[in-house]
S.K.: 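I'd like to ask some things about the structure below.
Just so you know, ligand 1 is whichever comes first in the structure, and atom 1 is the first atom listed for that ligand. For the single chain, residues carry numbers from 1 onward in sequence order.
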Amino acid sequence: MKTAVYPGSFDPVTNGHIDVIKRALKIFDKIIVTVGDNPGKKSAFSIEERLEMLRECTKDMGNAEIDTFSGLLIDYVRKKGSRIIIRGLRAVSDFDFEFQRALMNRVVDDEIETIFIMTKEHYVYLNSSIVKEMAMFNGDINGLVPEIVEKKLKEKFSNKGN
Ligand code: ADP
C-alpha cells in the first residue's frame, strides 16, 4: 500500500488544498494530511479547529487520514511508514521555496521523495492568507473554500473589518 504525506498549515483548508488531496488520491492508496504544529507561526485557527475542518471536508474522500505533527517532517514521514511527501505548486513563486525544501529533505534522507501536484488553473491565486483577508472584509469567498470553512471564517471574522 502506497501512502503519501501531505503537510501544511491549512489555516484554513481551501479548495486548492482539497484539489491537491483529490489528485493525490488518484496516485496513492492513502494520503495522510497533516497539520504542522509550528508555535513560531501565527495562525488564525487553532490546530484543533484546522483538524476539525479538514476532517469534515475529507470525510467522503476515501482513504484520507487527518493528523498533526511537530518537529522534523522527515522524522514524521518515516514514523508513518511513508517515503513520499506531497506538495502543491501554484506559480513559479512557489517553486524556489519548494525546491529548496525538497532538496534539503533529500540531503537528510535520500529515500524520501517529494512529489509536486500542479494546481487547477482556477486555484492558481488561491491561498489561505488571501481567503482570510477576504473574509475579514466581507469579500465573497464562495467557491474558494468548502462550505464548512466559509461558515467558520464568517464566524471568526464577523466582528472585524466593519
Ligand atoms: P505551508 O504553510 O506549508 O505552505 P499551506 O497550508 O499554505 O502550507 O499549503 C500546503 C501545501 O499546499 C503547499 O505545498 C502549498 O503550495 C499547497 N497549496 C496551497 N494552496 C494551493 C492551491 N491553491 N493549489 C495548489 N496547491 C496549493
S.K.: In plain terms, say whether Lys22 and Asp19 are close enough for a salt bridge, that is, a side-chain N and a carboxylate O under 4.0 Å apart.
M.R.: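 No, this pair does not count.
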S.K.: Should Lys154 and Glu150 count as an ion pair when the cut-off is N to O under 4.0 Å?
M.R.: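 Between Glu150 and Lys154 there is a salt bridge, with a charged N closer than 4.0 Å to a carboxylate O.
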S.K.: Which atoms of ligand 1 are found less than 4.0 Å from any heavy atom of Glu98?
M.R.: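 The list of qualifying atoms is 14 (O), 16 (O).
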S.K.: Please could you name the atoms of ligand 1 that Val20 approaches to less than 4.0 Å, counting only its heavy atoms?
M.R.: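 Every atom of ligand 1 under 4.0 Å from some heavy atom of Val20: 25 (C), 26 (N).
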S.K.: Check the surroundings of atom CE in Met61: do more than 12 heavy atoms from other residues, nucleotides or ligands lie under 6.0 Å from it?
M.R.: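 Atom CE in Met61 is crowded, with more than 12 foreign heavy atoms closer than 6.0 Å.
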S.K.: Can you tell me if Lys41 contacts ligand 1 (heavy atom of the residue under 4.0 Å from the ligand)?
M.R.: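 Checking ligand 1 against Lys41, which is what was asked, there is a heavy-atom contact under 4.0 Å.
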S.K.: When you group the ILVMFWY residues by side-chain heavy-atom contacts below 4.5 Å and let the links chain together, are Ile117 and Ile31 in the same group?
M.R.: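 The answer is yes; both residues are in one hydrophobic cluster.
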S.K.: Quick test: of every protein heavy atom, which one is nearest to atom 9 (O) of ligand 1, and how far off is it to 0.1 Å?
M.R.: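 Looking at atom 9 (O) of ligand 1, the protein heavy atom closest to it is His17 NE2, 3.3 Å.
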S.K.: Lys152 and salt bridge (Lys or Arg N to Asp or Glu O under 4.0 Å): which partner among Glu147, Glu56, Glu49, Glu52?
M.R.: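 Output: one option passes, namely Glu52.
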S.K.: Could you tell me whether a side-chain N or O of Arg90 sits under 3.5 Å from a main-chain N or O of Thr119, the two making a donor and an acceptor?
M.R.: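 No, Arg90 side chain to Thr119 backbone: no donor-acceptor pair under 3.5 Å.
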S.K.: Report yes or no: does Asn15 contribute a side-chain atom to a donor-acceptor pair with the main-chain N or O of Gly143 at less than 3.5 Å?
M.R.: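 Yes; judged by distance alone, with no hydrogens or angles, the pair exists.
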S.K.: Just jot down the ligand 1 atoms closer than 4.0 angstrom to any heavy atom of Phe10, in number order.
M.R.: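 Answer for ligand 1: 6 (O).
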S.K.: Are Arg101 and ligand 1 in contact, using a heavy-atom cut-off of under 4.0 Å?
M.R.: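 Yes.
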S.K.: Taking atom CE of Met1 as the centre, does the number of heavy atoms from other residues, nucleotides or ligands within less than 6.0 Å exceed 12?
M.R.: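 Counting other residues, nucleotides and ligands, CE of Met1 exceeds 12 neighbours.
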S.K.: Would you indicate which of His122, Arg90, Arg50 comes nearest to atom 15 (C) of ligand 1 when only heavy atoms are counted?
M.R.: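 The nearest heavy atom belongs to Arg90.
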S.K.: Tell me if the CZ atom of Arg83 is crowded by more than 12 foreign heavy atoms within 6.0 Å.
M.R.: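 Open: at most 12 neighbouring heavy atoms sit under 6.0 Å from CZ of Arg83.
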S.K.: Report yes if some N/O of Leu126 lies less than 3.5 Å from some N/O of ligand 1; otherwise report no.
M.R.: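 For ligand 1, there is an N or O atom that lies under 3.5 Å from one belonging to Leu126.
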S.K.: For atom 14 (O) of ligand 1, which of the options Gly16, Gly88, Ser128 provides the nearest non-hydrogen atom?
M.R.: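 The option holding the nearest heavy atom is Gly88.
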S.K.: Just need the protein heavy atom nearest to atom 2 (O) of ligand 1, so name the residue and atom and give the distance.
M.R.: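 Of the protein heavy atoms, Ser9 OG, 2.6 Å lies nearest.
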S.K.: Does an N or O from Arg87, backbone or side chain, lie closer than 3.5 Å to an N or O of ligand 1?
M.R.: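 Arg87 vs ligand 1: N/O contact under 3.5 Å present.
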S.K.: For ligand 1, is there an atom lying under 4.0 Å from some heavy atom of Pro7?
M.R.: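 Yes, Pro7 has a heavy atom closer than 4.0 Å to ligand 1.
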S.K.: Looking only at protein heavy atoms, identify the closest one to atom 24 (N) of ligand 1 and say how far it is in Å.
M.R.: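 Looking at atom 24 (N) of ligand 1, the protein heavy atom closest to it is Thr119 OG1, 2.9 Å.
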S.K.: Is there a donor in the side chain of Arg50 and an acceptor in the side chain of Ser43, or the other way round, less than 3.5 Å apart?
M.R.: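 Note: Arg50 and Ser43 side chains meet the donor-acceptor criterion.
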S.K.: Would you say ligand 1 has an N or O under 3.5 Å from any N or O of Asn127?
M.R.: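 Looking only at distances, the answer is no, because the N/O contact criterion of under 3.5 Å is not met.
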S.K.: Please could you name the atoms of ligand 1 that Tyr6 approaches to less than 4.0 Å, counting only its heavy atoms?
M.R.: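 Numbered from 1, ligand 1 contributes 11 (C), 12 (O), 17 (C).
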S.K.: Backbone or side chain, does any N or O of Thr14 fall under 3.5 Å from an N or O of ligand 1?
M.R.: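 Looking only at distances, the answer is no, because the N/O contact criterion of under 3.5 Å is not met.
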